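Please read the structure below before turning to the comments.
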Amino acid sequence: SQKIEQNSEALNIQEGKTATLTCNYTNYSPAYLQWYRQDPGRGPVFLLLIRENEKEKRKERLKVTFDTTLKQSLFHITASQPADSATYLCALDGDSSYKLIFGSGTRLLVRP
Amino acid sequence: GAVVSQHPSRVICKSGTSVKIECRSLDFQATTMFWYRQFPKQSLMLMATSNEGSKATYEQGVEKDKFLINHASLTLSTLTVTSAHPEDSSFYICSAASPTGGQETQYFGPGTRLLVL
């Protein structure tokens, strides 16, 4: 079955540095991969979508890469700010009906 | 745009009672909505796909008689947890497929915290 792995350990970085989060997957070839942000006690918020034929996508301070050979996506936040502190989830398209399969998320903590 | 609301945001009920959670798309029509459950420090687990005007599609292991889903209109889907038990206590989140583009992205509601005593 499809398996998505995100680092369960929190990532703790200094403000201004670049945060890099990893999403690995197995037993699947997704047509696209998405990243969401989730704050405590809230629903996830969509950030970026990258398709299988795209290597990289950017949005403001965010950058996502997608390596279908390594079966890995990297999510970067440049010039990180304390307000970026949250849990970041990656999600792959499910087998049908626009279903999404989510990873367990990585918590990011940006220190001022 | 693409705002999804949920009601209630928090509910406490006694074991054996039923609880209804509403999910509304406020500024767009959603033919497809999704219901998720999230336990503390765990990922979102898809429970079912709710389709307007037809029966919901449940994920493996989710009891359809316990988690009743109704998608009566293009802006409203409801999840009813029947005969709730303490193990049903969780964070329930709904989402709607994006109204623009290819519907790959989902817009999530704020979630409903259910506590069954």
Side-chain angles (χ1 to χ4, degrees), chain A residues 1-10 21 23-25 28 30-54 57 59 62 64 66 73 86-109, chain B residues 1-6 9-10 21 23 25 30-52 54-62 71 90-115:
Chain A
S1 61
Q2 304 150 358
K3 190 174 181 182
I4 305 172
E5 292 184 347
Q6 291 185 259
N7 194 340
S8 59
E9 288 188 22
L21 307 177
C23 176
N24 295 296
Y25 59 93
Y28 196 53
Y32 51 83
L33 184 148
Q34 302 183 42
W35 284 88
Y36 287 78
R37 169 184 173 142
Q38 186 176 25
D39 290 285
R42 307 292 295 174
V45 175
F46 169 74
L47 297 175
L48 280 168
L49 178 152
I50 187 165
R51 299 186 187 280
E52 59 179 337
N53 61 347
E54 297 175 315
K57 185 165 272 190
K59 179 183 176 182
L62 309 180
V64 171
F66 195 7
S73 174
T87 295
Y88 291 86
L89 307 167
C90 74
L92 306 183
D93 61 300
D95 50 12
S96 63
S97 303
Y98 303 108
K99 287 165 46 175
L100 289 178
I101 310 299
F102 281 86
S104 55
T106 297
R107 184 163 172 250
L108 172 66
L109 181 61
Chain B
V3 178
V4 176
S5 70
Q6 273 184 252
S9 58
R10 185 180 300 243
I21 303 170
C23 177
S25 56
T31 55
T32 303
M33 290 184 171
F34 303 89
W35 285 96
Y36 296 83
R37 181 167 52 181
Q38 187 176 36
F39 293 105
K41 298 189 187 301
Q42 293 188 25
S43 186
L44 283 76
M45 297 301 297
L46 180 65
M47 299 174 66
T49 302
S50 172
N51 302 297
E52 188 268 336
S54 64
K55 291 184 178 180
T57 304
Y58 290 81
E59 294 300 300
Q60 192 172 9
V62 178
H71 195 152
S90 188
F91 190 49
Y92 291 86
I93 314 174
C94 71
S95 72
S98 169
T100 59
Q103 294 198 39
E104 295 101 342
T105 61
Q106 294 181 18
Y107 290 91
F108 285 82
T112 298
R113 179 79 58 191
L114 171 64
L115 177 61

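Below, chain A is the first sequence line, B the second, and so on; all start at residue 1. Only a predicted model underlies this, so the values are computations on that prediction, with no experimental measurement involved.
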Original post:
What heavy-atom pair brings A:Gly43 and B:Ile93 nearest, and what distance separates the two atoms?
Top reply: CA-CG2, 4.3 Å
**OP:** Answer with side chain, backbone, both or neither: which region of A:Gln38 has an atom nearer than 4.5 Å to a non-hydrogen atom of chain B?
**Re:** side chain
**OP:** Hey, could you give me the CG/CG distance between A:Leu100 and B:Leu46, rounded to the nearest 0.5 Å?
**Re:** 8.5 Å
**OP:** Rounded to the nearest 0.5 Å, what's the gap from CD1 on A:Ile101 to CG on B:Leu44? Could you check?
**Re:** 11.0 Å
Subject >> A:Arg107 atom CZ: more than 12 heavy-atom contacts under 6.0 Å >> reply: no
**OP:** Just give me the residue among B:Lys41, B:Arg113, B:Gln42, B:Gln38 that pairs up with chain A most often, heavy atom to heavy atom, under 4.5 Å.
**Re:** B:Gln38
Subject >> Where A:Ser104 and B:Ser43 come nearest, the two heavy atoms and their spacing >> reply: CA-CB, 3.4 Å
Subject >> Straight-line distance of B:Phe108 CZ to A:Tyr36 OH, nearest 0.5 Å >> reply: 5.0 Å
